[in-house]
Participant: 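Quick one: the structure is below, and I'll ask about it shortly.
Chain A is the first sequence line, chain B the second, and so forth, proteins listed ahead of strands; every chain is numbered from 1. Model, not experiment: these values are computed from the prediction.
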Protein chains: 2
Amino acid sequence: MATIYEVAARAGVSPATVSRVFNGARVSADKTERVRRAAADLAFTPNRAARTLRRRNSEVIALIIPDIGNPYYTEMARGVGDVARESGYSVVLCNTDERGDHESGFLQIALAEHMAGVIIAPASERTDLSPVLEAGRAIVAVDRTSTFAVDGVTMANREACRNATDHLLEQGFRRIACVTGPAAVETAVERVEGWREAVRSTTGKDPDPQLLCHSTFRVDGGRDAMERLLTLPEPPDAVVAANNLMGVGILQLLNERRLAPPAIGVAVVGSLPFTTMSPRAVTVVRLPAREMGETAAKLLIQRIDGDDEPQRTVVLQHTVEPAIVSGDDSAPALTPTR
Amino acid sequence: MATIYEVAARAGVSPATVSRVFNGARVSADKTERVRRAAADLAFTPNRAARTLRRRNSEVIALIIPDIGNPYYTEMARGVGDVARESGYSVVLCNTDERGDHESGFLQIALAEHMAGVIIAPASERTDLSPVLEAGRAIVAVDRTSTFAVDGVTMANREACRNATDHLLEQGFRRIACVTGPAAVETAVERVEGWREAVRSTTGKDPDPQLLCHSTFRVDGGRDAMERLLTLPEPPDAVVAANNLMGVGILQLLNERRLAPPAIGVAVVGSLPFTTMSPRAVTVVRLPAREMGETAAKLLIQRIDGDDEPQRTVVLQHTVEPAIVSGDDSAPALTPTR
DNA sequence: CTGAAAGCGCTAACAG
DNA sequence: CTGTTAGCGCTTTCAG
């Protein structure tokens, strides 16, 4: 690892000039050329730790997500990565497993490493973002909002789940269960509201509380919840899954029990990326995860670049891919794989 | 962000003593206590850039993978993360999208940031790892080997695919296709060999070359390949997918064409984590991805800690979860979800 | 056990 | 446009 001094010596210029060449400051063509050549000869790469120390600012963005095993977040990560790379930032992915302690650990590290900014899907609405704010670092919340004053990018969760439920109602289902995530997670709660709204506005009354199941936002969570629902004295005739993974779990269990749709109505909020069944019997509400990542990254980079407009929140719109209950079953699947 | 000097002043000691307290060097109990208190009061966090600059070594490990959208790699990432965290390292995930240029970019960054080590699933056998080696940094290759002299952790790819194919043969299939990844990817090729071996040893002759399909290691790749295979004058009666995502694509297409197993035999090398079908009709060869990550992390940390034994390679064993062709179909699925 | 002091490699004034 | 110089915050000899 050659240093700027060795390059300077070899090129016959001062270290400052070398630094300037690598930072786009004005340097005569002649010296620029000599520096470039010397740097190439020595395989020089600027020492980022030194640069960060000096500038009190690095070129990396932390992306903190609750579940790296969920394709929804990895798709989002792709969006963040693409936009960030275009602007010269690297993204480091931090997986909290929905644990608050890991979350604050990563936040800590982001500050200690002087990272340029952080994009976080907070495990809780009350995740303490104040250290970041106080340090004057850029931050944007994705997927879930925060009680702290930060920019945000979210989905229209209530509407998404309402749309999903509406499709089930249109198909004639009347006893529709809702399987959602932990009550502490905002998206889980908002989606329940959408479900309740839809049922209420069609049937004129609140859904049976027994039909609401909280569980984890994972495959197991969906399985467990569905299992519980099936043991009800009066089981549901349809179910709406509040996230993709729960949808997978629900469908797995139903398949095992020989209850696959259309025997029972199923709608899922979120895409089923790696499903192997023809998804035509399931209503899927596609959430633009990648776009969410891109938007968050753009917002963050604007802030890093000094934008100090008032706090903003962007709400992204979903698209509904309705189940086909009857019709030409040999047509291609409606849900594109990628 | 308080500095070590402010903490020192508040505790009435020298900066060196503060440093010692935070690095586990011997300091009197009295001063240790005063330093701890002062640090807490000031919410002091050591500046990592400074520490890294000085020590020429950071506490982060780079994990470079070709496809963050593949659950196989995210499972592996979990394994790496868990082991690393236990030893006080943070892991940053770098997604190359199977692109050599991104790959070398990340390698560059890892060096420039003086990261403690890197774990890489090389996009190609010939990915240039020499800069890392020359810098004396620890490195281990996972999933795929390297022509460079580095430690490695891989799967028994040939055997895995051979086992998968054998199960198909045992079920009586005789015209078995193999759908695999790019010919440039080692795992893709090794798995083909396993297929060929199995076919040869049972039928006594080489498989029909038309039955071998190279494509991308993704869902689309599996779909495309399967589609091609079905147009053959003499289509296969079974197919072995060389990775999980291709397996998903193949099953999707077969479902759409109403050709789902057991109408056609299917075996997959790799788990089907988010599949919604009952997987009992499909032979799955489970690859211990998480364990691979854990092993790689342990190996890497040993090297970081100065171990200079000769180069090592660990080969992990898979487990076969055979398809159930006949029998009690209402039993639980054989493939656990998590 | 503790403090003083010298950098790690880079950038950013400040002169010239 | 270019060189000199003074640190960024931390660790680590080297004395004491």
Participant: Counting only heavy atoms not in A:R37 (residues, nucleotides, ligands), do more than 12 fall under 6.0 Å from its CZ?
Facilitator: no

Participant: Residues of residues 26-43 of chain B with any non-hydrogen atom less than 4.0 angstrom from an atom of DNA chain D: list those, numerically ordered, please.
Facilitator: none

Participant: Using only side-chain N and O atoms of A:S14, determine if any of them is under 4.0 Å from OP1 or OP2 of D:dT2.
Facilitator: no

Participant: In a check of side chain to side chain contact (heavy atoms under 4.5 Å, CB included) between B:T127 and each of B:I64, B:T96, B:L107, which one passes?
Facilitator: B:L107

Participant: So, does B:N23 use its side chain to make a donor-acceptor pair with the main chain of B:A25 at under 3.5 Å?
Facilitator: no

Participant: With sequence neighbours excluded, what pairs up with B:E59 under the salt bridge (Lys or Arg N to Asp or Glu O under 4.0 Å) test?
Facilitator: B:R51, B:R55

Participant: Suppose we screen for side chain to side chain contact (heavy atoms under 4.5 Å, CB included). Which residues come up paired with B:D305, at least two apart in sequence or across chains?
Facilitator: B:Y89, B:I301

Participant: Would you compute the distance between atom CD1 of B:I61 and atom OG of B:S87 and round it to the nearest 0.5 angstrom?
Facilitator: 7.5 Å

Participant: Against A:D143, only a single residue in A:V153, A:T187, A:I120 fulfils side chain to side chain contact (heavy atoms under 4.5 Å, CB included); can you say which?
Facilitator: A:T187

Participant: At what angle, to 10 degrees, do the two end axes of the helix from C:dC1-D:dG16 to C:dG16-D:dC1 meet, given five pairs define each axis?
Facilitator: 30°

Participant: Sequence neighbours excluded, which residues qualify as side chain to side chain contact (heavy atoms under 4.5 Å, CB included) partners of A:R312?
Facilitator: A:D151, A:L299, A:Q302, A:R303, A:D307

Participant: Any side-chain to backbone donor/acceptor pair from A:R137 onto A:V132? Under 3.5 Å, distance only.
Facilitator: no

Participant: Quick one: does B:E103's side chain have a donor or acceptor within less than 3.5 Å of a partner on B:A123's backbone?
Facilitator: yes

Participant: Reading nucleotides 6-12 of chain C 5' to 3', which nucleotides get B (base under 4.0 Å from a protein heavy atom), which S (sugar-phosphate only), which -?
Facilitator: BBBBBBB

